[in-house]
Amino acid sequence: MLSPLPDEATLKQRVLALLARIPPGRVMTYGQLALLAGHPGAARQVGYVMNGLMNGTELPWQRVINAQGAVSTDKLGFGDVQRGLLVAEGVVFGASGKCDLKARQWWPDEAAPEQQSLF
DNA sequence: ATGGTGACTGTAC
DNA sequence: CGTACAGCCACCA
């Protein structure tokens, strides 16, 4: 069973492990990753982890978006790139810059239904 | 040590 | 719809 309060290194490890499993065309949110990694509420730290893997990674970093269904990278200068990668996978973004999170959000099979409703 | 910042989020108005 | 605020916690000056 997973420890409810893993240390920072484990959080990063779990976040990256989950990230690597997101199927093409599907997304996860920062808060969701924090929850599944055992750090509920630590969405900002997940964002920090993401920031750290921007140095030439093979991980599908573009599949992590915010809880509103939009990318959070516009102010970083590559929001268009992220949306472009997702669009190439079949994700549709409306004029508001949001996608259908309810339909696109991916949950690991082992995530308990109660976890999903909590989120 | 202390305070500001940020790829966030839920609640309140 | 948008703005504001409070939690969140690693990092950095």
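Keep in mind that what you see is a predicted model, and the values were worked out from it rather than measured. Within every chain, numbering begins at 1; the chains are lettered A, B, ... in the order of the sequence lines, protein sequences first and strands thereafter. Atom set for the values below is all heavy atoms of this structure, side chains included, hydrogens, waters and symmetry mates excluded.
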(request) Please state whether the base of dA10(C) and the side chain of Y48(A) form at least one donor-acceptor pair under 3.5 Å? (result) no
(message) From C-beta outward on K98(A), which listed nucleotide comes closest to its side chain: dC1(C), dC8(B), dA7(B)?
(response) dC1(C)
(message) Can a donor-acceptor pair be found, under 3.5 Å and without considering hydrogens, that links the side chain of R104(A) to the backbone of G25(A)?
(response) yes
(message) Please determine whether a side-chain nitrogen or oxygen atom of K75(A) lies at a distance below 4.0 Å from atom OP1 or OP2 of dC8(B).
(response) yes
(request) Measure the distance from CD on Q68(A) to P on dG2(C) and round it to the nearest whole Å. (result) 10 Å
(request) Send over the distance from F78(A) CZ to dA7(B) P, rounded to a whole Å. (result) 9 Å
(request) Could you tell me the separation between the CG atom of D74(A) and the C1' atom of dC8(B), rounded to a whole number of Å? (result) 15 Å
(request) Would you classify N66(A) as touching base, sugar-phosphate or nothing, given that sugar-phosphate means primed atoms plus P, OP1 and OP2, and contacts are heavy atoms under 4.0 Å? (result) sugar-phosphate
(request) Could you grab the distance from atom CG of L76(A) to atom CE of M50(A), nearest 0.5 Å is fine? (result) 11.0 Å
(request) Give the rounded distance in Å between these two atoms: CH2 of W61(A) and P of dC8(B). (result) 14 Å
(message) Within the 4.5 Å heavy-atom criterion, are L36(A) and P108(A) side-chain neighbours or not?
(response) yes
(request) Figure out the CG/C1' separation between L33(A) and dA10(C), and round it to whole Å. (result) 17 Å
(request) Would you kindly give the CG-to-P distance between N51(A) and dC12(C), to the nearest whole Å? (result) 11 Å
(request) Kindly point out which of dA7(B), dT9(B), dC8(C) is positioned nearest to the side chain of R44(A)? (result) dC8(C)
(request) To the nearest 0.5 angstrom, please state how far the CG atom of N51(A) sits from the CH2 atom of W61(A). (result) 11.5 Å
(request) Whole angstrom is fine here: how far is it from CE in M28(A) over to P in dA7(B)? (result) 21 Å
(message) Can you measure Q62(A) atom CD to dA7(B) atom C1' for me and round it to whole angstrom units?
(response) 13 Å
(request) Identify, between A42(A) and S96(A), the residue whose nearest nucleotide on DNA chain C lies closer to the 5' end. (result) S96(A)
(request) Find the distance between NZ (K98(A)) and CG (N66(A)) and round it off to the nearest 0.5 Å. (result) 8.5 Å
